[in-house]
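Working notes for the structure below.
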Amino acid sequence: MKVYLETYGCQMNQYDSELIRSILQASGDELISRIEKAEVVLINTCAIRENAHRKIYGRLDLLRPLKKRLKRQGQDLVVGLLGCMAQNLKQDLFKHPVLNLVVGPDNYRALPKLIARVKKQGSKEIDANLSEYETYRGVAPARVEGVNAWIAIMRGCDNFCSFCVVPYTRGRERSREIDDVLEEVTSLAAQGYRQVTLLGQNVNSYRTEGGTFADLIRRVADIPGMMRVRFTSPHPKDFPQALLEAISTHPHICKHVHLPLQAGSDRILDLMNRTYHIKEYMALVNKIREMIPDVILTTDIIVGFPGETGEESRETAEVMESVRFDSAYIFKYSERKGTIAAREFADDVSAEDKKDRIVRLFDIQRRISLEKHKGLIGQKVEVLIEGAAEKRSDHQMGKSDGNHTVIFPATSLTPGSLVFVEIMEASAGTLYGNPLPTPALTCI
Ligand code: SAH
Ligand code: SF4
Ligand code: F3S
């Protein structure tokens, strides 16, 4: 069958789509890139905020004319909704007339069977059952070619931050066997991938009998040919000394730590169930900076959590000023049905206040990012080349160790090579520079 798959949401969803492709190809389906030719359209979805849901409903509406047109030509287009929104809304999704199939993140092995059933019987099929064990062992992701390979090392989340739907859409935490992960990364290096990003909803909570996250990341970084190892998304509660030592000393582990803050007020952090206060968060920031002096720190922040006052939002601003993150993702609180916050608190910060607060925090972060980036002018940064720059064909784009986007005049070097770039100009989001004629860099 010809299947068209599109993906929304986080890197974990991108990775899951690679698993889905693999599962479908193994059962003889063909993944195609033009929706007009599809017999099956699958949409891998996100549920993290209401606008993620809205976007998908908009997408489903757009599929109706296509489905009708094909129907007139005697073909029944199968439309399936996968991922977090499928797990979150289950059966209710069938209220949308275009959908035939709903499959949650732990049920992708059943896809070929379910698609065949819909095709044969014209039925509506659903499989949205969370598993405590499914890690897709033995499924080799059908990756899109590139410099970076995503690899999920754990799935699920047991933290239950009160605002967050992920523990409900992704289920309980479970980690993959260390040897499975090492074997996969070894084969990725042999295939020419130069960077691997370890993924998990709570990546640093990884734990098996074979070792902790710190053990795993060291062993991954030791694999010959793997020049860079990144990880996302971590939780501040799981940064033991051994992990910071690994980041600080191993040349292949990128010195970039994403440290989601969420809020700058202890009262709000308690209500969010984040398990730390600002004093502890700041102590961790200081320790990270002490052990890894050139570390790049990024964060996630939510404005307008239930009951957040103007003063409490100013506390978030103060923490941002004091940490000086390199960059930050800032979101308006979006109530998610079924979460602790939705059950216990009213979404009572007005839309106007949320907007004012987010604009204020955006402005602060833009200024700090720009100041930090300007501070890099004149410095030489090592860049892993990813490919041609998007809007300038005579330029290339790559990432620094700290994950800055760097744009520079094209070199003869191919994607996957490392080049030193002298930074000449900077904006809040991007660095611009000139590649330096350096001795060819080989991987150790
Ligand atoms: N596991 C990751 C989070 C993944 S979701 C972690 O703990 O860092 C990414 C970010 O989305 C979160 O850090 C949070 O800032 C934001 N987010 C999650 N739920 C949200 C909600 N209900 N409203 C607004 N932002 C939310
Ligand atoms: Fe959500 Fe918190 Fe788990 Fe992150 S740690 S996925 S914010 S519940
Ligand atoms: Fe979205 Fe699910 Fe990822 S809710 S952020 S796709 S884990």
Side-chain angles (χ1 to χ4, degrees), residues 6-17 19-20 43-56 81-89 104-106 128 130 150 152-173 198-206 231-239 257-264 268-269 271-276 281 297-306 308 316 325 327-345 347 349 351 354 357-358 361 365:
E6 63 187 38
T7 310
Y8 296 81
C10 63
Q11 286 97 340
M12 186 61 108
N13 256 18
Q14 300 290 340
Y15 176 83
D16 280 358
S17 283
L19 293 175
I20 293 164
I43 308 178
N44 192 4
T45 62
C46 174
I48 199 82
R49 284 170 288 274
E50 192 53 34
N51 53 11
H53 275 196
R54 257 198 304 271
K55 205 192 271 176
I56 300 299
L81 196 143
L82 321 178
C84 289
M85 196 172 160
Q87 190 62 48
N88 198 24
L89 302 181
D106 285 344
L130 288 170
W150 310 107
I153 58 160
M154 56 85 69
R155 300 175 74 89
C157 177
D158 289 347
N159 284 345
F160 289 92
C161 300
S162 65
F163 51 80
C164 185
V165 78
V166 169
Y168 309 92
T169 63
R170 291 286 179 162
R172 301 290 56 78
E173 264 175 38
L198 306 180
L199 291 179
Q201 269 86 24
N202 248 298
V203 72
N204 53 339
S205 303
Y206 175 94
F231 59 99
T232 198
S233 242
H235 190 287
K237 76 181 167 58
D238 284 315
F239 276 96
V257 176
H258 185 65
L259 205 61
L261 166 71
Q262 311 300 1
I268 298 292
L269 287 171
L271 294 177
M272 286 179 163
N273 196 21
R274 285 295 289 181
T275 71
Y276 53 82
Y281 185 91
L297 278 181
T298 57
T299 200
D300 291 346
I301 286 169
I302 295 177
V303 302
F305 184 83
E308 184 191 64
T316 304
F325 295 105
S327 72
Y329 296 100
I330 310 171
F331 310 103
K332 289 181 195 168
Y333 172 73
S334 167
E335 187 176 81
R336 309 317 291 136
K337 231 164 93 196
T339 57
I340 303 164
R343 288 198 301 263
E344 295 187 1
F345 317 118
D347 182 7
V349 176
K354 281 183 186 165
R357 289 175 199 176
I358 203 168
L361 297 192
Q365 188 55 49

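Just the heavy atoms: all of them, side chains too, but no hydrogens, waters or symmetry mates, feed the values below. In each ligand, atom 1 is the first atom listed, and ligand 1 is the first ligand listed.
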Considering both backbone and side-chain atoms of F163, is one of its nitrogen or oxygen atoms within less than 3.5 Å of a nitrogen or oxygen in ligand 1?
yes

With a 4.0 Å cut-off on heavy atoms, does A47 reach ligand 3?
yes

Taking only heavy atoms of R336 into account, list the atoms of ligand 1 that are under 4.0 Å away from them.
22 (N)

Do other residues, nucleotides or ligands put more than 12 heavy atoms under 6.0 Å from the NZ atom of K337?
no

Check M12 against ligand 3 and report side chain, backbone, both or neither, counting heavy atoms closer than 4.0 Å.
neither

Which part of S334 is near ligand 1, with near meaning a heavy atom under 4.0 Å away: side chain, backbone, both or neither?
both

Ligand 1 atoms nearer than 4.0 angstrom to some heavy atom of R49 are 11 (O), 16 (C), 17 (N), 23 (N), 24 (C), 25 (N), 26 (C)

Does ligand 1 have any atom sitting under 4.0 Å from a heavy atom of I48?
yes

Distance-only, no hydrogens or angles: does the Q11 side chain make a donor-acceptor pair with backbone N or O of A152 under 3.5 Å?
no

Does a donor on one side chain sit under 3.5 Å from an acceptor on the other, for N202 and N159?
yes

For ligand 1, is H258 a contact, meaning one of its heavy atoms is under 4.0 Å away?
no

So that I can check it, does any N, O or S atom in C46 come closer than 2.8 Å to atom 1 (Fe) of ligand 3?
yes

C157 backbone or side-chain N/O/S under 2.8 Å from atom 3 (Fe) of ligand 2
yes

Among protein heavy atoms, which lies nearest atom 24 (C) of ligand 1, and at what distance?
K332 O, 3.3 Å

P260 neighbourhood, listing ligand 1 atoms whose heavy-atom distance to it stays under 4.0 Å:
8 (O)

Looking only at the aromatic ring of each residue, does the gap between the centers of F331 and F163 stay below 6.0 angstrom?
no

Any heavy atom of N202 closer to ligand 1 than 4.0 angstrom?
no

Close-contact set for ligand 2 against N202 heavy atoms, below 4.0 Å
3 (Fe), 5 (S)

Within the 4.0 Å heavy-atom shell around H235, which atoms of ligand 2 are there?
5 (S)

Can you list the ligand 1 atoms lying under 4.0 Å from a non-hydrogen atom of D300?
9 (C), 10 (C), 12 (C), 13 (O), 15 (O)

Under a 4.0 angstrom heavy-atom cut-off, which atoms of ligand 1 come close to Y333?
23 (N), 24 (C)

Just which atoms of ligand 1 are under 4.0 Å from any heavy atom in I302?
14 (C), 15 (O), 17 (N), 25 (N), 26 (C)

Please list, in number order, the atoms of ligand 2 under 4.0 Å from a heavy atom of P167.
8 (S)

Proximal ligand 1 atoms for Q201, defined as those under 4.0 Å from one of its heavy atoms:
1 (N), 2 (C)

Using a strict cut-off of 4.0 Å, indicate which atoms of ligand 2 neighbour a heavy atom of F163.
7 (S)

On a heavy-atom basis, I'd like to know which of C10, C161, S233 is closest to atom 3 (C) of ligand 1.
S233

With backbone taken as N, CA, C and O and side chain as the heavy atoms from C-beta onward, which portion of C84 lies under 4.0 Å from ligand 3: side chain, backbone, both, or neither?
side chain

On a heavy-atom basis, the closest approach of G200 and M12 is CA-CE, 3.7 Å

Just which atoms of ligand 1 are under 4.0 Å from any heavy atom in Q262?
12 (C), 13 (O), 14 (C), 15 (O)

Is the side chain of S162 donor-acceptor paired with the backbone N or O of L271 at a distance under 3.5 Å, no angle test?
yes

Atom indices of ligand 3, in the order listed, that fall short of 4.0 Å to a heavy atom of N13
6 (S)

Between D158 and R170 (salt bridge meaning N to carboxylate O under 4.0 Å), is one present in this structure?
no

Per-atom filter on ligand 2: closer than 4.0 angstrom to a heavy atom of R274 are 2 (Fe), 7 (S)

